[in-house]
Every structure is written in structure tokens, then in C-alpha cells.
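Each ligand, and each atom within it, is numbered from 1 in the order the structure gives. These numbers come from the heavy atoms of this one structure, side chains and all, not from hydrogens, waters or symmetry mates.
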Amino acid sequence: MNPIRRMLVTGGCGFIGSMFIKLELEAHPDRHVVNLDKLTYAGNLENLASVASDPRYQFVRGDIADRDLVGKLIGEGGFDAVVNFAAESHVDRSLLDSGPFIQTNVIGTQVLLDASRQAKVSRYLQVSTDEVYGSLGPTGFFTEETPLAPNSPYSASKAAADLLVRAYCHSFDFPGIITRCSNNYGPYQFPEKLIPLFISNALADQPLPVYGTGLNVRDWIHVTDHCRGISAALRNGRGGEVYNFGGRQEKTNLEITHLLLQHLRKPASLIKHVTDRPGHDQRYAIDCTKAETQLAWKPEVPFEQGLRDTIDWYRQHAPWVQHIKSGDYLKYYSEQYGSRLSS
Ligand code: NAD
Ligand code: DAU
């Protein structure tokens with residue numbers, strides 16, 4: 001297969017996509033990256049400030065569901081790979097309004113697949129999630145063979161996109177790869193997700209809203225390990241295949257909460273148990289043996305170290321958080337947490 005020189009990354013202004021772009025440009029001096037991003041509430045040009053003036057990087061503001069724009073961009077772009085990170089990514093928001101999730105995650109993926117197929121792009125990678133597999137009991141792991149059983153509008157929209165990729169591979173011999181990763185943490189994560197929300201609230205001595213018992217389990221992976229996995233899948237993966245990534249770091253939400261409070265030297269009295277998330281998945285845990293054996297990849301960042309570095313990053317980047325925690329964010333916070341925190 002031809003080496004990757006020009007790559008289209010969608011959703012590159014978000015948490016994981018921006019880290020992926022920075023790591024790719026750093027690792028490959030001959031790599032050119034075009035970043036197509038709509039700049040929704042989650043997209044932030046500040047995440048890419050360090051590469052903004054790199055001549056190998058180009059930003060295009062636009063919607064992956066815009067068929068004319070995407071057809072032209074991919075048709076004329078000469079890309080060796082398309083990597084789709086663009087998505088509405090937050091479960092709680094999908095429970096408030098699923099419309100944008102269907103539009104971006106499903107229709108947007110279909111538009112990208114059609115344009116990539118038309119342009120005979122030689123690699124297409126769909127960045128997906130372990131949430132498509134549903135929820136586990138106290139034992140067992142998700143493998144690539146686990147049947148899809150999504151439980152939230154977010155995960156249903158991601159599963160629908162995965163099935164479209166699968167169908168294009170099956171029907172058209174399309175070179176699509178799907179990667180499914182567990183919960184990411186690290187710098188530049190939007191403070192609506194558990195870890196950055198709780199760090200930034202604790203730093204401001206605000207309550208930490210733990211849903212339900214706090215005994216739900218997530219498998220945490222550092223964002224750089226996820227990005228290295230995507231790179232490995234582009235390099236060593238096979239079209240039509242699925243690869244799971246996870247950190248082998250299962251923690252309950254309460255364990256995470258106490259760890260954060262300990263590191264931040266803040267009191268446990270900040271914890272507030274609030275009404276549970278509707279349909280809250282109990283446990284996620286990934287078996288990533290296939291990626292380890294077939295992609296020559298493994299998670300490398302030790303969790304305690306990664307968490308401490310992440311806390312330090314948020315401490316040192318207060319203005320980044322403050323820019324976000326204004327305007328629209330306050331409206332969302334009040335809708336999501338207002339009645340929960342006042343009852
Ligand atoms: P994010 O919410 O931080 O960023 C999403 C990015 O997509 C933003 O820059 C946003 O502006 C852009 N975007 C949204 N709709 C768009 C559209 N219609 N057209 C173009 N751009 C659009 O998300 P993230 O946490 O970085 O997640 C990236 C991808 O990884 C998603 O596909 C998500 O499902 C997947 N994923 C995330 C995690 C996690 O723990 N965060 C784990 C596994 C998989
Ligand atoms: O597993 C991969 C998925 O991880 C990704 O596909 C999603 O894009 C990403 O958002 C994440 O989904 P989760 O729903 O697991 O992440 P979130 O950070 O929203 O929640 C993590 C856990 O913490 C979950 O059990 C719910 C709980 N939680 C979350 C928030 C925001 C709370 O208890 N309180 C909160 O305020």
C-alpha cells in the first residue's frame with residue numbers, strides 16, 4: 001500500500017483529534033494534514049495553536065454532513081487516508097437531544113464514506129467507541145466479536161455509523177477500518193466529561209456530581225495511547241477489520257473521584273451523589289489482545305502518572321478552562337445539573 005503523505009482528519013479541533021494531529025505531524029516530517037471541523041461547542045482552535053502556522057497543516061471549517069463540501073474536498077484532496085473523529089461525543093447531551101447525534105454521527109459518516117469511495121481513497125478509519133457493545137456485568141470483557149447492543153442515543157448513533165462502514169466494506173470492498181476505544185483522559189478534554197469536569201469543579205471548590213451510586217466502572221486509557229493505536233491501525237490494520245483499544249485500567253467512578261480529590265488536596269465533602277444518568281451503563285472493559293498482537297500496539301501510560309500529569313495540565317491551563325466555562329457551557333450545565341444539584 002502507498003505510504004501516507006496526505007491525510008484528512010475530521011473533528012481535529014476536539015480532544016482526541018487535536019492530539020492525533022499534533023502527534024502525527026511530530027512523528028512524520030513528510031506528513032500533510034487537512035483538518036475538517038465544524039467548530040461545534042466542543043471544537044477549539046486553541047487545541048492546535050502549536051501547529052497552526054506549520055505549512056504542513058491546513059484547517060477547513062465545515063460540516064462532515066455537507067455533501068458538496070466533502071465531495072469536493074476529498075475529490076480534489078489527493079488523500080492517502082481519511083480518519084473520522086468528527087462526532088457529537090457526549091452521552092448526557094444525547095439524552096437531552098439526539099438530533100445532532102444522528103445528523104453528524106450517522107449522516108456525516110455516510111457522506112464521508114460516499115466521498116472516500118468515489119475518490120478511491122486507499123484507507124478510511126472510523127474512530128468508534130466501546131459503548132457500541134452496551135454494558136457488562138461484574139466479569140468479562142468486550143472483544144471485537146461482542147454483539148453490538150448500544151444503550152444511549154450517542155452509542156446507537158456510533159453503532160449505526162460502524163454498521164455503515166461494515167456494509168461499505170462488505171458490499172464495495174471499501175478499505176474501511178473501525179477502531180473502538182474505551183474512556184480517554186488527558187489534556188485538552190472538554191470539561192463536560194467526568195475527569196476534566198471533576199478536576200475543574202474541585203479546583204473551584206464546586207460540588208462533584210456523582211451519578212447514582214458511583215459504582216459504575218470505566219476502563220481508562222490515556223489519549224496518547226489511543227492516538228498511537230489509531231496510527232498503528234492505519235499502518236498495520238486490514239480493511240474490513242475492527243480493533244479494540246483499552247487501557248486495562250478499570251476503576252469505579254468513586255475511585256476516580258477520590259483519587260482526584262487526594263491529588264488536589266480537596267475534601268471528600270465536595271462529592272454530591274445526584275440522580276443517576278438514565279440507562280447508565282454499569283461497566284465497560286476492553287480486551288485489546290487483537291490490537292496488541294496484530295497491530296504491535298499496547299497501552300503505555302501508567303494510569304497514576306497519566307492522571308497526575310492531567311491534573312497538573314488543568315492546574316496550569318486555567319484560562320483554557322475559563323474560556324470554555326462561560327456562555328453556552330453555563331446553559332448546558334444548568335440544564336444538566338441545576339435540579340440535580342439543588343435537590
Ligand atoms: P470532542 O467532542 O472533544 O470533539 C469532537 C470534534 O468534532 C469537535 O472538534 C467538533 O467541532 C467536531 N465536530 C462535531 N460535529 C462535526 C461535524 N458535523 N462536522 C465536522 N466536525 C464536527 O470528541 P472526542 O472526545 O475528541 O472524540 C473524538 C471521537 O472519538 C468521536 O468520534 C468519539 O465518538 C470517539 N471516542 C471518544 C472517546 C472518549 O473517551 N472521548 C472514546 C472512544 C471513542
Ligand atoms: O467509553 C468510551 C466513551 O467514553 C466515549 O465514546 C464517549 O465519547 C465519552 O464521552 C465517554 O463516555 P462516558 O459516558 O463513559 O463518559 P463520561 O465522562 O460522560 O462519564 C464517565 C462516567 O462518569 C460514567 O459512568 C458517568 C459518570 N459521570 C459522568 C459525569 C459527566 C458522573 O458520575 N457524573 C458526571 O457529571
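- Counting the atoms of ligand 2 from 1 in the order shown, those under 4.0 Å from a heavy atom of D130 are 1 (O), 2 (C).
- Within ligand 2, the atoms closer than 4.0 Å to a non-hydrogen atom of H90 are 19 (O), numbered from 1 in the order shown.
- Under 4.0 Å from ligand 2, heavy atoms of L194 appear from its side chain as well as its backbone.
- A perpendicular orientation is assigned to the rings of F101 and Y154, their planes being inclined by more than 60° (bins at 30° and 60°).
- If you look at N183 next to ligand 2, the close heavy atoms, those under 4.0 Å, come from the backbone and the side chain alike.
- For atom 35 (C) of ligand 1, the nearest protein heavy atom (residue, atom name, distance) is V127 CG1, 4.0 Å.
- For ligand 2, the atoms sitting less than 4.0 Å from at least one non-hydrogen atom of H280 are 24 (C), 25 (O), 26 (C), numbered in the order shown with element in parentheses.
- No side-chain donor-acceptor contact under 3.5 Å links D219 to the backbone of S182.
- V165 and T109 make their closest contact through CG2-CG2, 4.3 Å (heavy atoms, listed as atom of the first residue, atom of the second, distance).
- Note on ring orientation: taking the six-membered ring where Trp is involved, the planes of F190 and Y329 are tilted (angle from 30° to 60°).
- Not a single heavy atom of K158 lies less than 4.0 angstrom from ligand 2.
- Listed here is the closest heavy atom pair of S116 and V82: OG-CG2, 3.9 Å.
- Close contacts between ligand 2 and Y284 involve ligand atoms 1 (O), 15 (O) [criterion: under 4.0 Å to a heavy atom].
- The backbone and the side chain of K193 each have at least one atom closer than 4.0 Å to an atom of ligand 2 (non-hydrogen atoms only).
- The backbone N or O of V127 sits less than 3.5 Å from a side-chain atom of K158, completing a donor-acceptor pair.
- Ring geometry, Y211 versus Y337: the interplanar angle falls under 30°, so the pair is classed parallel (tilted spans 30 to 60°).
- Side-chain contact of W320 with N47: a donor-acceptor pair under 3.5 Å is present, judged by distance alone.
- In the vicinity of Y337, heavy-atom distances shorter than 4.0 Å reach the ligand 2 atoms 30 (C), 31 (C), 35 (C), 36 (O).
- Of all the heavy atoms of K158, the ones lying under 4.0 Å from any atom of ligand 1 belong exclusively to the side chain.
- For a threshold of 3.5 Å applied to N or O pairs, the pair formed by S89 and ligand 2 contains at least one separation below that value.
- Within the listing of ligand 2, atoms 36 (O) sit less than 4.0 angstrom from a heavy atom of L197.
- Ligand 2 has E192 within reach: a non-hydrogen atom of the residue lies less than 4.0 Å from it.
- Shown in contact with Y154 at under 4.0 Å from a heavy atom are these atoms of ligand 2, numbered in order with element: 5 (C), 6 (O), 7 (C), 8 (O).
- For the residue pair T143 / D287, no side-chain donor-acceptor distance below 3.5 Å is found, with atom types taken as modelled.
- Heavy atoms of N183 found under 4.0 angstrom from ligand 1 belong exclusively to the backbone.
- At least one cation-pi condition fails for K193 and Y185: the charged atom is not both under 6.0 angstrom from the six-membered ring centre and inside a 45 degree cone around its axis.
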